[in-house]
**Student:** 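Just passing along the structure, written as structure tokens.
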Amino acid sequence: MSVSLNETLISAETVKQHASRESCWIIVHGKVYDVTNFLDEHPGGSKIILKYAGRDATEAYEPIHPPDAITTNLPTSKHLGAIDPATIVAVVKEVSEEEKRRQALLATRPPLDEIVNLHDFEAVARVVLPEKAWAYYSSASDDEITIRENRLAFQRVWFRPRVLRNVAHVDWSTTILGQKSSLPVYISATALGKLGHPDGELNLTRAAGKHGVIQMIATLASCSFDEIIDAGVPGQPFFVQLYVNRDREITKRYVQHAEKRGVKGLFITVDAPQLGRREKDMRLKLIGDTSGAKVQEGQKDVPKDQGVARAISAFIDPSLCWDDIPWFRSITKMPIILKGISTAEDALLAYESGVQGIVLSNHGGRQLDTARSALEILVEVTEALKKRGTTRPFDVFVDGGVRRASDVLKALALGAKAVGVGRAFLYAFCAYGQPGVEKAIQIFRDELEMNMRLLGVRTLSELRPEMVDARALNVHTGAVPEDNLFRTTYQPLALAKFRDS
Ligand code: PPY
């Protein structure tokens, strides 16, 4: 905690006297803020702030806000000063039973060199993550059909390998939006990284910088945008994912700041005008709330069963539409990519709108349930774009369910430029920090090398649609061998629970 010379010092006792809806002060990172007028504006609702009224809220604040969220959202007149260090009574924190259990599990996790595939990270993360973090990260919408289909779709595509092609040397490097990438894979945006690891998204940044992989920074990352960029090595390329704010000035500032800091691509999320209902997340929030103290009756607040994500998504603008694209073009020169396209019709509209590319995505199965997999959409999009005839560069990316280099090669053979991987990298750092992410990158390399040799391609440009048989892709029935690793990590949805009597 740093206190500057001319800063007002406020005693802990004084802060404690402002512990109500009428006057609500909180401490975050050693600074005292008056959040009384902000209570009803807080995207997560007032209740959670009131729980920390008159005391230090840093621990609750940290995982779900970038460090500068409070300073940028509160007028400076509400920045009251620094907490007087002499008045802080050391709080001996009781380690919760869950935390003790977690620490014990972390100590017995498999050593990193026993991790051989990306499913392993998920299996470890599921055990060592705090319950809320696992619920938030792993959940998908409604019956979670799409999240499972995302995996299954890859298994409905079969390889048609070529042989005797001298594959002594294979090279899987590529360029993505003009940026060199050591893999045809980029790290896709996932939010709230500090729920799962104290360093949050910086684990991704450091590993990506070391291994020449591109990271897409999430609007709702736990680490601030600048913290992430500053953690990069000189010249490290980044993309940024954008949730469009109802207040377009905020969006404009964010986008232009990203461009100024050298970000190489703007990925606008277009599949989330409202956040999907993720029941694992919602249920846990419900249980948590009923055991907590009733802070305030009858207050204007977010419904208590919304889950972590829905609670903080109110700022996202549901009125975003095709007519807005020229405005985005007018505020930035970064390539614009629309993330969350699900049909050939919209792919063509995107092309006509002048953007530089699209991500075929169902948001990791977290938005419209029973939406199709990106791979299935890819086939119709590639065909539609070919039929139309494109006369300028227009890149098609896919994401969702990628766990193997073979998945990546199938997508590239069917016309994708590169593939986004979100959860697998997230689970890698939740389980093992930065070394986990590095290991995940290494696994992609090893699998790419083997699969490219066995498929008979030396460079990614040698991949052809004829190298896969995708005829079964849009057949949504039929038996296929079971993916046992995925099946054992997949946590089935839970039904309503009786209260303990
Ligand atoms: C998601 O959870 O799917 C996200 O895209 C991130 C997010 C987190 C919180 C609110 C809205 C979106």
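Indexing begins at 1, ligand by ligand and atom by atom, following the structure's order.
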**Student:** Numbering the atoms of ligand 1 from 1, which are under 4.0 Å from a heavy atom of Leu220?
**Tutor:** 7 (C), 8 (C), 9 (C), 10 (C), 11 (C), 12 (C)
**Student:** In ligand 1, which numbered atoms sit nearer than 4.0 Å to a non-hydrogen atom of Tyr136?
**Tutor:**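 Result: 1 (C), 2 (O), 4 (C), 6 (C), 7 (C), 8 (C).
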**Student:** Numbering the atoms of ligand 1 from 1, which are under 4.0 Å from a heavy atom of Tyr243?
**Tutor:** 4 (C), 5 (O), 6 (C), 12 (C)
**Student:** Provide the number and element of each atom of ligand 1 under 4.0 Å from a heavy atom of Arg366.
**Tutor:** 1 (C), 2 (O), 3 (O)
**Student:** Given that the side chain starts at C-beta and the backbone is N, CA, C, O, which of these parts of Gln367 lies under 4.0 Å from ligand 1, counting heavy atoms, or is it both or neither?
**Tutor:** neither
**Student:** Could you check whether Ser224 and Asp226, counting side-chain N and O atoms only, form a donor-acceptor pair closer than 3.5 Å?
**Tutor:**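 Side-chain D/A pair, Asp226 to Ser224: absent.
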**Student:** Can you tell which part of Leu275 has a heavy atom less than 4.0 Å from ligand 1: side chain, backbone, both or neither?
**Tutor:** side chain
**Student:** Strictly by modelled atom types, are Thr269 and Gln241 linked by a side-chain donor-acceptor pair under 3.5 Å?
**Tutor:** yes
**Student:** For residues 322-336, tabulate all N or O donor-acceptor pairs below 3.5 Å that involve a side-chain atom, not counting sequence neighbours.
**Tutor:**
residue: Asp324; atom: OD1; partner: Arg248; partner atom: NH1; Å: 3.2
residue: Asp324; atom: OD2; partner: Cys321; partner atom: N; Å: 2.8
residue: Arg329; atom: NH1; partner: Gln356; partner atom: OE1; Å: 2.9
residue: Arg329; atom: NH2; partner: Thr332; partner atom: O; Å: 2.8
residue: Arg329; atom: NH2; partner: Met334; partner atom: O; Å: 2.7
residue: Ser330; atom: OG; partner: Trp327; partner atom: O; Å: 2.6
residue: Thr332; atom: OG1; partner: Glu259; partner atom: OE1; Å: 2.6
residue: Thr332; atom: OG1; partner: Met334; partner atom: N; Å: 2.9

**Student:** Going by the side chain to side chain contact (heavy atoms under 4.5 Å, CB included) test, name the single residue among Thr146, Thr343, Leu378, Asn362 that passes it with Arg372.
**Tutor:** Thr343
**Student:** Enumerate, atom names and distances included, each donor-acceptor pair closer than 3.5 Å involving a side-chain atom of residues 422-438, sequence neighbours excluded.
**Tutor:**
residue: Arg423; atom: NE; partner: Tyr137; partner atom: O; Å: 2.8
residue: Arg423; atom: NH1; partner: Gly364; partner atom: O; Å: 3.2
residue: Arg423; atom: NH2; partner: Ser139; partner atom: O; Å: 3.1
residue: Arg423; atom: NH2; partner: Gly364; partner atom: O; Å: 3.2
residue: Tyr432; atom: OH; partner: Pro110; partner atom: O; Å: 2.5
residue: Gln434; atom: NE2; partner: Glu438; partner atom: OE2; Å: 2.8
residue: Glu438; atom: OE1; partner: Lys210; partner atom: NZ; Å: 3.1
residue: Glu438; atom: OE1; partner: His211; partner atom: NE2; Å: 2.9
residue: Glu438; atom: OE2; partner: Lys210; partner atom: NZ; Å: 3.2

